[in-house]
Amino acid sequence: MTKMKKNINLEKKIRLRFPPSPTGPLHIGNARTILFNYLFAKQHNGETVLRIEDTDKERSKIEWVQDIIDQLHWLGIDWNEGPDIGGPHSPYKQSQRTDIYQTYLEKLLAEKKAYFCICSSEELEGKRQDQQSRGLAPKYDGTCRNKNHQHGVIRFIVENKKVTFIDLIRKEVEFDMGLSGDIVIAKNLQTPLYHFTVVVDDFLMQISHVIRGEDHLSNTPKQILLQEALGFYQPIYAHLPLMLNSDKSKMSKRAGDVAVSDYHQNGYLPEALINFMVLLGWNPGTEKDIFSLPELIKEFSLENVQKSGAVFNLQKLDYLNGYYIREKSTSALVKLCLPYLPETAKDMPFKQLEKIIEAYQARLKKLSEITEFTDFFFSEKLSYDKKMLGWKEMGDREVKESLEHSAKILSDAKKFDKKSLEELLVKEATAFAEASASQGKNPDKGKLLWPLRVALSGKEASASPFEIAEILGKEKTLTRIKQGIDKLS
Ligand code: GLU
């Protein structure tokens, strides 16, 4: 039995690794894993290594390396060692470390702990089907083990024994390796595969803790046996719970928005995404759900990471994002919203943009929503159905009277700031409602304020007419009311 106690070097410096494979944009699941590694390292004054696991030559692309780096920068996660640009040469890219892996492969071969295997995929498939038809778990039968072939794929001899290790989240975990069969660790001496490169790199990079997704749990005993065969120490393991869709199904790498860059482009803030990701598995044990990165560095603990799957709840992300948007100063929010506004916004005075954004700050859940909320500030003529102008059962004539009344009051208004306009219009709206009520109808301030607000915005829902009028200014406000009246004539 393999016990972790004998292998762990507790004197080791705390060093963690971020090992993404650049076969696509940075996935939110990988970003969560990296975040947990980062927090653990930071709170133990440890170090972090960004290691690009690009052994899959066909699927790995330099643009994805760049995306990984860009999105981690955006999230505010940094690292002590590893590439900072996706340049062609970096000792932290596995594709640049072939010679190193070859040395260790040769060592295993020389010590007869691994061997070349020339079984064809057809033969292997035939054996697999045969085993399955006999009700056996499929595993390699060891045909090439003692044949001394000098070429082929390289298989590592997996001893028939139980491997037990302590996982910081799952406690003691045991695997029966008798079920495994010898595993392929390289396609040839120059093409090592995942299990092998990870084991060699974790050792050479002196990684103390491996924190990764539960999907890697069954890889761990194989890697432990490789560590033993190579005479390496065993790092401490922690396997994070799986991420589940809201219907509890397993989250796919391809479904929906799973790339960090998608969240970034859709107007989520890095603070919100960090806060959201940490709650996918970690529970502070209190009601508190808002955590900044520095707070997390203090408060995070692996002990409070759950074993069961972490359900991905987009409403929670929207809630957190809304919170962080409201926390921004208006001027900071203007800058964040600019990419979502039309080109003409750039010519607008900053003060005016601040007013526009301020009018929507409280209801914004993601930055991209600003486009739709505020488009009417940037267009000359609005297009909307005249029916929208009527409040409840108001007829065209009544709506027209209402708009004419607003036009009169507003053209006489001395002050055009939202506070003065609100005082003025609310008073007038009450009087207008009472006047029509005396004709046997309901007194309702909406009779003045609704048609006005729709005439100014062209929308069912918007900021208040006072805020909009102040931002548009007197001239534009009156033009829009006139355009509304014209629709009714
Ligand atoms: N490159 C692997 C992945 O992206 C890392 C696995 C590991 O942490 O060992 O899943």
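One-based numbering, in listed order, for ligands and for the atoms of each. The shown structure was predicted, so the numbers you read here are calculated from the model rather than taken from an experiment.
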Who pairs with Arg453 by salt bridge (Lys or Arg N to Asp or Glu O under 4.0 Å), at least two apart in sequence or on another chain?
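Applying salt bridge (Lys or Arg N to Asp or Glu O under 4.0 Å) to Arg453 gives none.
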Before accepting this row, confirm whether a basic side-chain N of the pair Glu369/Arg363 lies closer than 4.0 Å to the acidic partner's carboxylate O.
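Looking at Arg363 together with Glu369, the answer is no, because their closest N to O distance does not fall below 4.0 Å.
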Going by distance only, is there an N or O of Pro19 that falls short of 3.5 Å from an N or O of ligand 1?
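Min N/O separation from ligand 1 is below 3.5 Å for Pro19.
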Which pairs, with at least one residue in residues 337-349 and sequence neighbours excluded, count as a side-chain hydrogen bond (donor to acceptor under 3.5 Å, both in side chains)?
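Every side-chain hydrogen bond (donor to acceptor under 3.5 Å, both in side chains) pair that includes a residue of residues 337-349, provided the two are not neighbours, is Glu343-Lys346.
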Could you list which atoms of ligand 1 come closer than 4.0 Å to a heavy atom of Tyr194?
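It comes down to these atoms of ligand 1: 6 (C), 7 (C), 9 (O).
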Does the Lys NZ or Arg CZ of Arg155 fall within the cation-pi geometry relative to Phe116 - under 6.0 Å from the ring centre and within 45° of the axis?
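No - Arg155 does not lie over the ring of Phe116 by the 6.0 Å and 45° rule.
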Measure from atom 2 (C) of ligand 1 to every heavy atom in Arg212, Gln223, Glu53 and give the option owning the shortest one.
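Selected option, by shortest heavy-atom distance: Glu53.
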